[in-house]
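First the proteins, then the strands, lettered A, B, ... as listed; each starts at 1. Bear in mind the structure is a predicted one, so any value in this text is a computation, not a measurement.
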Amino acid sequence: QISLAAELRSCSTVKDLTRAKKIHQAILRNNQHRKDRYLNNLVIETYGKCGSLAEACHAFDSPFCSPNVFSWTIMVTAFAENGKLEEAKRAFDSMPEKNIVSWNSIIAAFAREGRLEVAKGMFEAMPVHDLVSWNSMVTAFSRARKLDSTRLLFDSMPEWDVVACTGMLHAFGEAGDFANAQRLFEGMAEWNAASCNAVIAGLTSSGKLEEARKVFDTMMSEVVENDPQRETLLPERNLVTWNSMMAAYSQAGKLEEAKVLFDRMRSRNIVSWNSILQAYAQAGCIEELEQLFELMPERNVVSFTCLLQAYADNGLLLQAKRLFDRMPDRNVVSWTTMFQAYTQNGDLEQAKLIFNAMPERSVVSWNSMVATECASGHPAKAKGVFDAMPEWD
RNA sequence: ACAUUACCCAAUGA
């Protein structure tokens with residue numbers, strides 16, 4: 001039972017639906033296990049994490065499952081994580097009983113999608129708040145780059161932990177308010193890698209590479225565990241720390257520095273690989289970029305978009321379109337990149353075809369369209385697009 | 001024993 005649980009958890013981590021189903025079958029074959037609520041809940045959760053809402057619902061509706069508040073909350077999260085926010089809300093509303101975690105889950109779901117007003121409404125409607133409720137709101141506003149609201153929320157909190165502070169640090173960093181970031185950082189009761197990483201990312205977004213590197217260098221490396229300076233150092237670096245610092249160099253076109261870090265890393269994930277791709281892209285090394293793209297262990301929509309953008313920057317429209325057509329997934333960023341590939345290379349016709357075909361448009365897509373009409377001497381058309389554009393926050 | 005929150009990669013602009 002313990003090992004079954006561990007197996008299911010590992011399926012969640014690697015999103016292995018096939019193995020999850022096998023384990024589920026094994027559970028169903030055992031009279032004890034199949035009515036075990038703990039295991040049933042874990043099965044539902046695992047299906048959700050593996051992207052199969054159908055299986056999750058099926059397990060939830062099974063006669064062997066007598067749902068408790070955990071099961072319901074897991075369903076809410078499963079719907080939300082698979083893009084079914086309205087279903088999540090419906091599940092939440094039909095819960096026979098709710099606890100604070102159920103409330104926090106639905107708030108986090110809306111917050112994650114940027115539905116700040118809904119999240120705020122539910123936050124105000126819930127009977128009691130805990131740190132997680134507050135933190136979810138702080139990070140939602142922080143991610144939406146609403147510095148003032150983030151600050152108001154943060155200042156209204158009854159108590160703070162490192163998660164709350166990291167959210168606030170992120171907001172200050174994005175806004176370039178380093179004085180406040182520093183003040184907050186120095187006053188924190190404890191630091192961990194995430195809070196330091198937020199500082200590195202904030203400095204990076206304003207191009208303060210040297211400052212970011214100082215923080216990076218002051219964090220503990222794996223090597224200095226018995227260093228006499230240990231007490232004076234910040235917490236130990238993790239994978240995100242390395243990725244953040246490398247991304248700083250990549251975005252700045254500092255290929256050599258990025259490569260050095262990439263080679264020094266003890267472990268890498270797809271974000272590390274995408275960052276090094278970007279380093280080559282920014283340095284204009286298209287051939288190496290293509291080689292790396294083929295060679296990397298896995299690719300996601302970010303990897304494809306990075307190469308797509310590089311093609312566009314180098315006027316390689318045919319390659320760009322060919323790549324776009326063979327992308328396994330496209331999101332609003334990749335669509336907008338393809339759109340801009342055409343506008344930046346003067347092909348308004350194709351650009352408009354893409355724009356009209358886009359399944360979803362972001363504020364960036366609309367801004368680009370307006371800018372394109374302006375740049376091509378069509379102020380009246382630009383105004384038309386501007387008027388057609390929805391209002392954003 | 002099981003559910004909820006923070007930090008890293010790609011598109012426009014400041």
Side-chain angles (χ1 to χ4, degrees), chain A residues 1-2 5 8-9 36-46 48 68-78 80 99-109 111-112 130-140 142-143 161-170 173 176 192-202 204 238-248 250-251 269-279 281 300-310 312 331-341 343-344 362-372:
Chain A
Q1 40 299 86
I2 292 175
L8 283 169
R9 293 202 175 286
D36 184 320
R37 206 188 248 161
Y38 162 64
L39 281 178
N40 268 308
N41 286 345
L42 212 48
V43 165
I44 301 170
E45 187 187 359
T46 305
N68 60 4
V69 63
F70 282 69
S71 334
W72 278 97
T73 307
I74 291 167
M75 279 310 296
V76 168
T77 303
N99 64 17
I100 192 160
V101 177
S102 340
W103 279 96
N104 287 343
S105 304
I106 191 70
I107 288 175
R112 210 178 294 131
D130 66 4
L131 254 176
V132 174
S133 339
W134 281 101
N135 289 347
S136 303
M137 294 305 294
V138 165
T139 59
S142 162
R143 275 200 283 249
D161 65 359
V162 65
V163 175
C165 294
T166 303
M168 192 67 245
L169 280 173
H170 182 258
N192 62 13
S195 44
C196 300
N197 295 341
V199 173
I200 293 180
T204 298
N238 62 15
L239 179 57
V240 174
T241 315
W242 284 89
N243 285 344
S244 308
M245 197 61 236
M246 198 177 55
S250 299
Q251 288 159 8
N269 64 7
I270 190 155
V271 174
S272 334
W273 282 94
N274 287 340
S275 274
I276 197 73
L277 274 188
Q278 176 70 352
N300 63 11
V301 64
V302 175
S303 335
F304 276 90
T305 308
C306 183
L307 182 55
L308 186 63
Q309 176 68 30
N331 61 16
V332 65
V333 177
S334 39
W335 276 97
T336 305
T337 304
M338 191 64 238
F339 165 70
Q340 290 174 168
T343 63
Q344 285 158 8
S362 70
V363 64
V364 176
S365 332
W366 283 99
N367 285 349
S368 308
M369 189 73 224
V370 174
T372 297

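- Look at CD on Q309(A): it is 10 Å from C1' on U12(B), rounded to the nearest Å.
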Under a 4.0 Å heavy-atom criterion, the protein footprint on nucleotides 2-9 of chain B, written with B, S and -, is BBBBBBBB
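- Atom CG in N331(A) sits roughly 15 Å away from atom C1' in U12(B) (whole-Å rounding).
- Residues passing the ring-ring contact (aromatic ring centres under 6.0 Å, His included) test with W72(A), sequence neighbours excluded: F60(A).
- With values rounded to the nearest 0.5 angstrom, I44(A) atom CD1 is found 11.0 Å from T73(A) atom OG1.
- Distance CD1/I276(A) to SG/C306(A): 10.5 Å, rounded to 0.5 Å.
- The distance from the CH2 atom of W242(A) to the CD1 atom of I200(A) is 10.5 Å, given to the nearest 0.5 Å.
- No side-chain heavy atom of T204(A) sits under 4.5 Å from any side-chain heavy atom of S244(A).
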